[in-house]
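Shown next, in structure tokens, is the structure this report addresses.
Order of the sequence lines fixes the chain letters, A, B, ..., with proteins taken first and strands second; residue numbering starts at 1 for each chain. Predicted, not measured: the structure shown is a model, and the values here were computed from it.
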Amino acid sequence: MSPTIGVIVFPGSNCEQDALEAVTSLGAKSKLIWHDSFDLGSADAVIIPGGFAHGDYLRPGAIARFSPAMESVFAFARSGRPVLGICNGFQVLTEAGLLPGALQKNSGLKFLCKPVNLTVRTTNSVLTSQTVKGDGLRIPVNHFEGNYTCTEETLEELQDEDRILLTYEDNPNGSMGDIAGICNAERNVVGLMPHPERACHPLLGSTDGQPLLKSFIESSEL
Amino acid sequence: MQFEATVEVQLKAGIADPQGSTIENATLKLGFNGIENVRVGKSIRFAITADDEVKAKEIIQDLCDKFLTNPVIENATIHLQGVE
Amino acid sequence: MNEPVHRTLGLTDDELEKIIEILGREPNHLELAMYSVMWSEHCSYKSSRVHLKRLPVEGEHVLVGPGENAGVIDVGDDIAIAIRIESHNHPSYIEPYQGAATGVGGIIRDIFTMGARPIAIMDPLRFGPIDDARSRWVAEGVVSGISGYGNSVGVPNIGGETVFDETYIGNPLVNVLCLGILPKDRLVLGQASGVGNLAVLLGSTTGRDGIGGVSVLASAGFGDEDEDTEKRPSVQVGDPFEEKRLIECCLELLDARLVVGIQDLGGAGLSCAASETASRGGVGMDFDVSAVPQREMGMEPFEIMTSESQERMLAIVSPDNLENVLAISKKWEIRSSVVGKVTEGGQLRILDGIDGPVLGEVPASSLHEDAPLYNRPMAPPDDLNARKEDKPEKYLLETNDFSGDLLNLIYSHEWITSQYDSQLFLNTVAGPGSNAAVLRLKHPVTGEDTGRGLAVTTDGNHRWCAVDPRRGSALTVAESMLNLACVGAEPRALVNCLNFGNPENPTVMWQLSEAIDGMSEACREFDLPVVGGNVSLYNESQGTNIDPTPIVGVIGVIDTLDAPPPGHKWSEGDRLIVIGPEPEGLSGSAWAFGKGYRKGILRELDYDLHKKICQVTRELVQKKLVTAVHDVSSGGVGVATAEMAIASGVGCSLARISSHEALFSESSSRVVLAVNPDELTNVEEILNAAEVPKARIGLAHGDRFTIKGLLDLELQSIQNKWENHLPIAFEGGTTQG
């Protein structure tokens with residue numbers, strides 16, 4: 001049976017349909033979960049999609065993390081099941097404390113939408129298990145606040161524990177350690193700024209997002 | 001009692017502030033010399049009702065820790081003024 | 001000096017007379033305010049309507065033509081596309097960020113008002129010279145406003161164009177086009193019907209923002225410093241998060257068939273929405289101002305009725321459905337209030353409390369339809385003939401710097417377009433910088449990919465239109481046709497945004513009339529219906545009018561979209577061919593204007609040949625026989641081939657281009673093709689059969705950009721100029737004053 005991926009929708013989310021389309025095209029079932037519900041239903045894995053939850057007012061993710069659905073996501077994550085935050089979803093996960101660090105404004109102080117080259121740093125996570133370490137992936141970014149920031153200790157910890165999943169080849173936003181994506185200590189909660197769902201169809205210029213989302217779908221079957 | 005509260009949110013010392021450095025660079029270009037350490041923050045203003053000033057501060061501090069700031073990168077300073 | 005009230009509101013004495021005739025009495029201040037905003041140039045098109053009638057509006061695929069909130073066309077598979085273009089020029093000069101942001105918000109509302117989900121935005125922008133610090137301030141603010149609002153509200157920005165030119169130094173142009181998609185059977189119109197039905201106001205509270213914005217901001221020129229300062233408070237502020245929820249809420253209401261009609265609140269605010277819905281439905285409305293949620297204390301009824309506060313919609317709802325409507329609004333955290341009801345007759349009554357005193361009463365249709373029509377005096381410029389004689393070619397002896405002239409004309413727009421989300425919804429097959437934007441066509445309800453595509457282009461060329469508004473406008477339409485052909489699309493419909501100067505100036509009116517004639521002629525020749533448009537007049541500063549700038553947006557359909565269109569990227573070893581007539585003249589070219597030669601004469605378009613060129617280009621693209629394709633327009637063959645070399649990272653050796661004229665002429669109906677040697681015979685046979693002129697001009701190879709006898713540049717040096725031009729210019733800083 002193919003797993004069901006739940007995609008959380010906050011007011012202001014806008015990549016939820018895209019996430020749905022991409023995981024469905026890779027064989028998973030999917031459904032939208034309205035933020036106001038504690039019930040994640042039968043989801044085997046959860047995606048927090050990109051967009052501007054609550055308008056990104058105050059800080060990206062600052063209001064969204066208090067939604068009822070997020071409370072359920074906490075428990076879901078703690079039980080070891082896969083949770084993926086893409087872009088705004090990554091910001092929500094850091095605000096919620098499920099992932100360390102924070103996403104600041106891009107060093108160029110501009111919104112940035114363009115394809116970037118990423119390098120896979122580890123295959124040991126729910127997002128990268130189907131990739132090859134050292135491989136290059138071409139995937140678009142689309143954010144104003146994607147500049148990954150954390151304390152030196154956190155950075156060391158991420159490095160020592162092999163928790164940096166993806167780095168930028170040519171850092172577009174000033175992120176510490178060129179970090180594009182990380183995971184938690186248990187390796188089931190992952191967040192990244194680039195949009196793998198935008199690189200899953202040959203007409204869209206790249207299919208490099210497929211191995212990432214396939215990894216995620218596969219991990220939710222376990 | 002009602003108070004006018006102002007919470008100033010600043011990036012913690014040591015956290016890079018691209019907006020601040022951009023403004024600082026621009027001041028030089030515009031011919032304003034001697035300006036340094038520019039940091040950009042935000043100011044959040046609201047009215048709050050509480051038993052007394054201590055209590056009000058306590059509530060606001062909690063609000064800052066939980067919501068108004070991201071403690072990973074930000075600090076808050078609280079200013080309170082009683083309203084007659 | 002005490003001006004009569006109607007004049008301070010921008011109404012002429014004759015217009016006041018007409019109002020008195022309609023009402024049979026003197027209007028009160030509230031009524032006068034409503035007439036003044038509804039009869040403004042911006043809302044009523046009173047100077048342009050007599051001319052606009054000449055545009056062809058009918059076509060096989062047209063579902064809704066001009067006059068509604070957006071044009072709608074049938075694109076097959078039970079899918080319809082809504083399309084509209086608008087200007088936000090004046091607000092964007094005063095407050096670039098908010099002016100541009102609210103422009104995006106406004107047009108998105110026009111689209112979902114039709115029941116369509118907005119799927120793409122394009123922004124044709126015109127700014128003053130890039131070396132002018134204030135123009136950079138305007139440009140930077142406008143671009144970040146479009147980015148800030150558009151990205152957040154979640155509608156991808158897939159193209160458009162930006163031009164920097166001195167004609168826009170005191171009056172930038174900020175146009176915005178929006179596309180929406182809907183199942184054909186969900187089409188809704190902005191009209192009220194059913195006596196007893198309720199008018200429900202959805203969205204933001206109403207404040208004093210934009211009071212008089214329509215008549216003051218959108219219709220007056222700039223120049224006087226003090227006046228500008230006075231105008232500042234009426235700038236509206238956009239809230240993309242509110243708009244995002246409003247979109248989702250309204251589309252859910254429409255999906256559930258809970259509303260009879262729906263209308264966005266744009267220029268002229270509630271006056272416009274109430275009178276237009278009633279007038280279109282042939283009914284009246286009782287409107288309760290006291291029920292309108294207000295943002296500020298002590299607002300006067302006339303302020304409430306003319307406020308342009310953003311992110312508001314007026315829905316017409318049967319009383320049975322009210323509860324459901326309010327529940328869906330609540331889910332999306334959208335404020336909703338019953339503010340009126342549909343009545344018999346055709347009177348719009350403004351009341352203080354639904355059973356309270358009548359504050360104003362006018363025939364709804366008189367606001368919407370009875371605005372005066374002006375056939376303003378027109379005259380060609382006195383020196384028209386002398387201008388024609390003053391061709392740029394005359395000055396060619398003075399110049400021979402081919403490399404320098406070419407480098408001056410090329411720069412990437414990525415600094416602008418990378419600030420826009422161009423990919424949301426996973427439709428964008430060709431985005432900003434392409435010949436035309438290409439979107440996958442997915443069914444709006446099932447999400448199923450139809451295997452077909454949409455193509456959209458916006459084009460405008462003030463230089464051509466300054467030289468000859470009639471031919472320039474026709475050539476603009478022709479360029480759009482060719483852009484669509486380059487991505488393999490068949491054109492379906494056109495929208496226009498006519499940006500002109502002060503209509504009280506007879507030369508400007510002549511330009512407008514000529515442009516409309518040129519556009520009409522081209523649209524008839526190409527069988528291209530005009531499904532909507534916008535006219536922006538009074539684009540002037542300190543008495544100087546902008547060059548006439550008609551902008552067109554053309555949408556087309558691609559029948560089989562199974563690979564991205566060829567684009568600009570050629571491959572090492574490709575043979576390069578130019579198809580089309582021999583170039584002739586430099587009038588109106590980017591090269592000529594760059595040198596300050598702004599006059600001359602444009603060659604008339606050969607429609608039959610142009611159609612052949614479009615057809616054969618489309619055929620070659622559809623059959624995947626060309627590696628790369630680029631129409632020849634701004635900057636001529638020189639810029640077209642340079643852009644192709646830059647996109648590919650592969651240089652070229654060109655020959656048979658032997659003069660400035662050959663290199664920079666913008667003569668129409670020409671396309672550069674890059675063809676793999678294996679396909680060359682095949683391609684040339686098709687070109688022969690199509691009976692189009694063609695010339696082999698060279699070979700794609702190496703790391704130099706070489707034109708025999710004219711120039712020899714390292715590709716890297718062109719690339720550097722291309723990439724760094726805008727970033728370096730903007731690093732020079734901006735200034736507001």
Between CG of C/Asn157 and SG of A/Cys113, what distance do you get to the nearest 0.5 Å?
9.5 Å
Tell me if the NZ atom of C/Lys624 is crowded by more than 12 foreign heavy atoms within 6.0 Å.
yes
Can you tell which part of A/His54 gets under 4.5 Å to a heavy atom of chain C, answering side chain, backbone, both or neither?
both
Any non-hydrogen side-chain atom of A/Arg198 less than 4.5 Å from a side-chain atom of C/Asp421?
yes
Calculate, to the nearest 0.5 Å, the distance between atoms CD and CG belonging to C/Gln419 and A/Leu112 respectively.
8.5 Å
Counting C-beta onward and ignoring hydrogens, is there a side-chain heavy-atom pair between A/His201 and C/Leu426 closer than 4.5 Å?
no
Using every non-hydrogen atom in the two residues, find where C/Pro564 and A/Pro202 come nearest and quote the distance to one decimal.
CG-O, 4.4 Å
Could you check if a side-chain atom of A/Asn14 sits within less than 4.5 angstrom of a side-chain atom of C/Lys244, using non-hydrogen atoms only?
yes
Test side chain to side chain contact (heavy atoms under 4.5 Å, CB included) on C/Asn151 and A/Phe144; report intermediate values, then the result.
CA-CA 10 Å; C/Asn151 298 344; A/Phe144 204 142; over 6 Å; no
Rounded to the nearest 0.5 Å, what separation is found between the CG atom of A/Leu203 and the CG atom of C/Asn427?
10.5 Å
Which one, A/Pro140, A/Gly108, A/Gly51, leads in non-hydrogen pairs under 4.5 Å with chain C?
A/Pro140
So OG of C/Ser144 and CZ of A/Phe111: to nearest 0.5 Å the spacing works out to 12.5 Å
To the nearest 0.5 Å, what is the distance between CG on C/Asp449 and OG on A/Ser25?
11.0 Å
Salt-bridge test for C/Glu414 and A/Lys110: reply yes if a basic N is under 4.0 Å from a carboxylate O, no otherwise.
no
So what's closer than 4.5 Å to chain C heavy atoms on A/Gln17: side chain, backbone, both or neither?
neither
Turns out that what part of C/Phe425 lies under 4.5 Å from chain A's heavy atoms comes down to both
Option that, when pairs with chain A are counted at under 4.5 Å, heavy atom only, ranks first among C/Glu333, C/Glu243, C/Lys331:
C/Lys331
Who are the side-chain hydrogen bond (donor to acceptor under 3.5 Å, both in side chains) partners of C/Gln719, not counting sequence neighbours?
none
Would you give the length of the straight line joining atom CG of A/Asn88 to atom OG of C/Ser152, rounded to the nearest 0.5 angstrom?
9.5 Å
If you check every heavy atom in residues 428-436 of chain C against those of chain A, which residues fall under 4.5 Å?
C/Thr428, C/Val429
Applying a strict 4.5 Å limit to non-hydrogen atoms, the region of C/Asp239 in contact with chain A is both
Okay, A/Asp18 and chain C: the region with an atom under 4.5 Å from a heavy atom over there is both
If you count heavy-atom pairs under 4.5 Å with chain A, which of C/Arg440, C/Lys442, C/Glu242 comes out on top?
C/Arg440
Look at the rings of A/Tyr57 and C/Phe241 and say which category their plane angle falls in: under 30° parallel, 30 to 60° tilted, over 60° perpendicular.
perpendicular
